[in-house]
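First up is the structure itself, then whatever we jot down about it.
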Amino acid sequence: MVASAKTVFNFCSGPAMLPAAVMHEAQDEFVNYHGLGVSIMEMSHRSPTFLSVLAQAEENLRQLLSIPSNYRVLFLQGGASAQFSAIPLNLAQPGSVAGYIDTGYWSQKAIDEARRYTDVQVIASNADDMSQGVCAEDYSVDQSLAYLHYTANETIDGIQFDHIPECGRVPLICDMSSCILSEPLDVTRFGLIYAGAQKNIGPAGLTVVIVRDDLLGFASQLTPKLLNYQVLAENHSMANTPPSYGIYLANLVFRWLLNQGGLAEMQAQNRDKAQILYQAIDASQLFYNYVHPGVRSQMNVPFFMEDHSQLERFLQEAENLGFLNLKGHRSRGGLRASIYNAMPREGVLALVQFLEKFENSYAR
Ligand code: PMP
């Protein structure tokens, strides 16, 4: 099925599309939540109704990811970028060195910010060959590091880790902004996981942090209160007004995921969708993706055109047909299709059909 004027497939990398069922549910409750006569976004965050939504959101996320009881779940503001600062401020003690793995644009942002607060050692990098990820054999983790940070999925570069780094007793910290909830996860391997919501969780403005208890309480004196994990945990995400509507929508997404069959089911669907798209790109003479197959992102598929001069025409035709937001990141150019949990298989099939059609018309 090629998208008709009425059918739109939104491939935006974030803020990304949300499941249609969730959007309709939110629409039904938008003005009048459960007959209370007000919207969720119009009520006190300390009201029993909102507190119950917050508790459900935490409970559902715990169920989805099997989060053990010695981890706190925080619903925060500030985006994933605020965590770039919070992590060193909370976890790097004076005189210590923080370890980072560099796999692309977002790792580098995290590294640049951490350098403002701590010494950083980049223990592995793919900077000299962006077609590759970083293999487990490429690095070893010095046990004196304050923590080890990596970016599980590089949203812009389309590179995804094929392993969870093994780092002994060094706390492992992961930016999962663009892959959280796309597959099952062993949370116990991590000290802290964080993610901006606007890809696989809900609307922008919400950030989820999952942090192990024993990492609380080490923030440096000058850490802003709202970046101090202990303060945030003690106040159950309510050290100030939380992003209440975002938390409400995230809870709908969590419930939707549970109803879909949970993360094992999402993993199967995501693998299938990614395979369909990569296969079509690899079979094409006009489009290509240069990332090594073993580390290709399941969520963000960057691709390029052999003939750059066709890019604008391609984007225009795509948009006319309802394939939205296929333009690559401004720093990388080319094209990118983000296919998070909410993207239906039909969207990917329709895109593949369009790629083939465009290529055929170009070749003629
Ligand atoms: N990390 C990753 C992997 C991302 O994809 C993004 C946003 N695209 C960020 C961090 C930054 O997130 P935010 O804009 O929420 O600060």
Side-chain angles (χ1 to χ4, degrees), residues 10-18 74-89 100-116 125-127 130 133-134 147-162 164-165 172-183 185 190 192-210 224 226-227 232 237 242-243 245-247 249-250 253 270 291 295-302 325-332 334-343:
N10 178 8
F11 293 91
C12 192
S13 60
M17 69 173 294
L18 292 171
L74 307 176
F75 294 102
L76 308 175
Q77 307 201 30
S81 303
Q83 298 308 311
F84 294 167
S85 328
I87 289 158
L89 281 167
Y100 279 74
I101 298 180
D102 166 20
T103 44
Y105 186 95
W106 288 111
S107 313
Q108 284 152 23
K109 289 274 185 203
I111 290 166
D112 288 348
E113 184 62 13
R115 284 206 162 108
R116 304 180 62 212
S125 170
N126 65 349
M130 290 296 290
V134 160
Y147 59 84
L148 177 65
H149 178 283
Y150 78 107
T151 308
N153 181 62
E154 286 285 357
T155 322
I156 291 172
D157 303 291
I159 292 178
Q160 190 157 5
F161 261 76
D162 63 354
I164 296 177
L172 183 60
I173 313 294
C174 186
D175 178 354
M176 291 197 188
S177 293
S178 49
C179 59
I180 194 162
L181 303 178
S182 65
E183 59 187 5
L185 182 70
F190 298 86
L192 185 148
I193 292 165
Y194 65 102
Q198 63 270 25
K199 297 150 197 316
N200 249 348
I201 298 179
L206 167 67
T207 312
V208 173
V209 172
I210 301 165
L226 290 180
L227 294 183
L232 296 163
S237 305
Y245 198 74
I247 293 170
L249 260 178
V253 171
N270 288 326
V291 178
V295 291
R296 281 175 167 176
S297 169
Q298 303 281 295
M299 297 282 103
N300 311 98
V301 181
N325 296 307
L326 283 170
K327 194 170 182 162
H329 189 263
R330 60 188 186 283
S331 66
R332 304 290 193 262
L335 299 156
R336 176 175 48 161
S338 293
I339 48 173
Y340 300 113
N341 287 339
M343 173 58 67

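For ligands, and for the atoms within them, numbers begin at 1 and follow the listed sequence.
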### Message
So, 4.0 Å and heavy atoms of Gln198: is ligand 1 close enough to count as a contact?
### Response
yes
### Query
Using a distance-only test with no angle check, is there a side-chain donor-acceptor pair under 3.5 angstrom linking Ser107 and Glu154?
yes
### Query
Which value, rounded to the nearest 0.5 Å, describes the distance between Leu206 atom CG and Phe75 atom CZ?
7.0 Å
### atom 16 (O) of ligand 1: nearest protein contact (heavy atom, Å)
Ser81 OG, 2.5 Å
### Query
Any chance the rings of Tyr340 and Phe11 have centres within less than 6.0 Å?
no
### Query
Parallel under 30°, tilted from 30 to 60°, perpendicular over 60°: which one fits the rings of Phe84 and Trp106?
tilted
### Task
Tell me which one of Tyr194, Tyr105, Trp106 gets a heavy atom nearest to atom 11 (C) of ligand 1.
Trp106
### Task
Evaluate side-chain contact (heavy atoms from CB on, under 4.5 Å) for Asp102 paired with Gln108, printing each intermediate quantity in order.
CA-CA 6 Å; Asp102 166 20; Gln108 284 152 23; 3.0 Å; yes
### Message
Using heavy atoms and a 4.0 Å limit, tell me yes or no: is Lys199 in contact with ligand 1?
### Response
yes
### Query
Can you tell me the protein heavy atom closest to atom 1 (N) of ligand 1 and the distance?
Asp175 OD2, 2.6 Å
### Task
Under 4.0 Å from a heavy atom of Ala80: give me the atoms of ligand 1 that qualify, with their elements.
9 (C), 10 (C), 11 (C), 12 (O), 13 (P), 15 (O), 16 (O)
### Message
Closer than 4.0 Å to some heavy atom of Phe84 - which atoms of ligand 1 meet that?
### Response
10 (C)
### Task
Name the orientation class of the two ring planes belonging to Tyr147 and Tyr100 (parallel below 30°, tilted from 30 to 60°, perpendicular beyond 60°).
perpendicular
### Task
Would you check whether Gly79 has a nitrogen or oxygen atom less than 3.5 angstrom from a nitrogen or oxygen atom of ligand 1?
no
### Summary
Per-atom filter on ligand 1: closer than 4.0 angstrom to a heavy atom of Ser177 are 1 (N), 2 (C), 3 (C), 4 (C), 10 (C)
### Task
Please state whether Asn153 comes within less than 4.0 angstrom of ligand 1, counting heavy atoms only.
yes
### Task
May I ask you to check whether Asn153 and Ser297 show a side-chain donor-acceptor distance below 3.5 Å?
yes
### Task
Can you pull out the closest protein heavy atom to atom 3 (C) of ligand 1? Residue, atom name and distance to 0.1 Å, please.
Thr155 OG1, 3.3 Å
### Task
Drop me the distance from Ile201's CD1 to Met176's CE, to the nearest 0.5 angstrom.
11.0 Å
